[in-house]
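One structure is given below, encoded as structure tokens.
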Amino acid sequence: MIKPVRIAASILAADFARLGEEVSRVESHLDMLHIDVMDGHFVPNISLGIPVIRSLRAVSGLPFDCHLMTANPEAFLEDMRAAGADSVTVHLEAVPDPAPAARSAREAGLGFGVVINPGTSYEAMDPYLELCDLVLVMSVEPGFGGQEFISSVLGKVEAARRAIDRRGLECDLQIDGGIGPDTIGAARRAGADLFVAGTAVFRRPDPAAAIAHLRKAAAPEEWPGPGGRS
Ligand code: DX5
Ligand code: ZN
């Protein structure tokens, strides 16, 4: 069943020189922090890694949703957990059989999810839903923030929603990339319940107001008012 709208802010769009401060400003307005780990190999960009997660853990009580855009993500799961990660998502394009990674993640005490790129079909993910606490449909090519939303992925969100509901699963359905006030409503209507937003939060003059705006734009009928949680 679709869950209430939840927002995960992607720190990729934050000012890394003032990261603790940036997170503190939005801490009480968010449901979780989305942390994009990139290795310059699986994606053509390098972002941040375990030491940054550890430093953030010291200043934030939010759940840390770590999106691993790395080759061989299994190698880092225990260290991720020790640094303060709560859940990890791994790309099916990097880990074609995610079952061992799911087991290792659970042994380490992490929530686990699989991610598919815009070019990967929903069918690639379908066999693994039962392994997952969350599934993530990318709505941009992974590697960079600030890209335009690819609306053709919404059919995959709809397919995932149907499968999750038909099979009575509890997993979150996340969408990541190009989410803003103009795109979040369509993603919600397609069945997503966990929305990653970087640019639309941290690149706004008032990130807390921007989060409220996103919640309202996602589902006006669910919106409880400024400062409220849907
Ligand atoms: C892209 C990352 C996204 C990115 C989203 O590889 O996975 O999480 O930060 O950024 P926006 O919201 O700016 O599209
Ligand atoms: Zn991400």
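As the structure lists them, so they are numbered: ligands from 1, and atoms in each ligand from 1.
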Task: Arg215/Asp31 under salt bridge (charged side-chain N to carboxylate O under 4.0 Å, His left out): CA gap, chis, key distance, verdict - done: CA-CA 11 Å; Arg215 291 186 195 281; Asp31 299 290; 3.0 Å; yes
- [ ] Any chance you could lay out the side chain to side chain donor-acceptor pair (under 3.5 Å) test for Ser47 and Asp36, step after step, and finish with the verdict?
- [x] CA-CA 7 Å; Ser47 56; Asp36 288 305; over 6 Å; no
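Using a 4.0 Å heavy-atom cutoff, Ala200 is absent from the residues neighbouring ligand 1. Residue contacts with ligand 1: Ala197 is included, with a non-hydrogen atom under 4.0 Å away. The shortest heavy-atom distance from Met38 to ligand 1 is under 4.0 Å.
With respect to atom 3 (C) of ligand 1, the closest heavy atom belonging to the protein is Asp176 OD1, 2.9 Å. In terms of protein heavy-atom proximity, atom 9 (O) of ligand 1 is closest to Ser10 OG, 2.8 Å. Of all protein heavy atoms, the one lying nearest to atom 13 (O) of ligand 1 is Thr199 OG1, 2.4 Å. Among all non-hydrogen protein atoms, the one lying nearest atom 1 (C) of ligand 1 is Phe144 O, 3.5 Å. Of the protein's non-hydrogen atoms, the one nearest atom 12 (O) of ligand 1 is Gly198 N, 2.8 Å. For atom 10 (O) of ligand 1, the nearest protein heavy atom (residue, atom name, distance) is Gly145 CA, 3.6 Å. Scanning the protein for heavy atoms near atom 6 (O) of ligand 1, the closest one is Gly143 N, 2.7 Å.
Between Gln147 and ligand 1, no pair of N/O atoms sits closer than 3.5 Å. At least one N or O atom of His67 sits closer than 3.5 Å to an N or O atom of ligand 1.
Between the side chain of Lys156 and the backbone N or O of Thr120 there is at least one donor-acceptor pair closer than 3.5 Å. Thr70 contributes no side-chain N or O that, together with a main-chain N or O of Asp39, makes up a donor-acceptor pair within less than 3.5 Å. Although no hydrogens or angles enter the test, the distance criterion places a donor-acceptor pair under 3.5 Å between the side chain of Asp86 and the main chain of Phe64.
Between Phe42 and Glu93 there is a side-chain heavy-atom pair separated by less than 4.5 Å.
Residue contacts with ligand 1 for Asp36 involve side-chain atoms from C-beta outward but no N, CA, C or O (heavy atoms, distance under 4.0 Å).
To the nearest 10 degrees, the Zn ion (ligand 2) sees ND1 of His67 and OD1 of Asp36 at an angle of 90°.
A salt bridge links Arg106 with Asp133: the distance from a Lys NZ or Arg NE/NH1/NH2 to an Asp or Glu carboxylate oxygen falls below 4.0 Å. The residues Glu222 and Lys216 are annotated as not salt-bridged, no charged nitrogen and carboxylate oxygen being separated by less than 4.0 angstrom.
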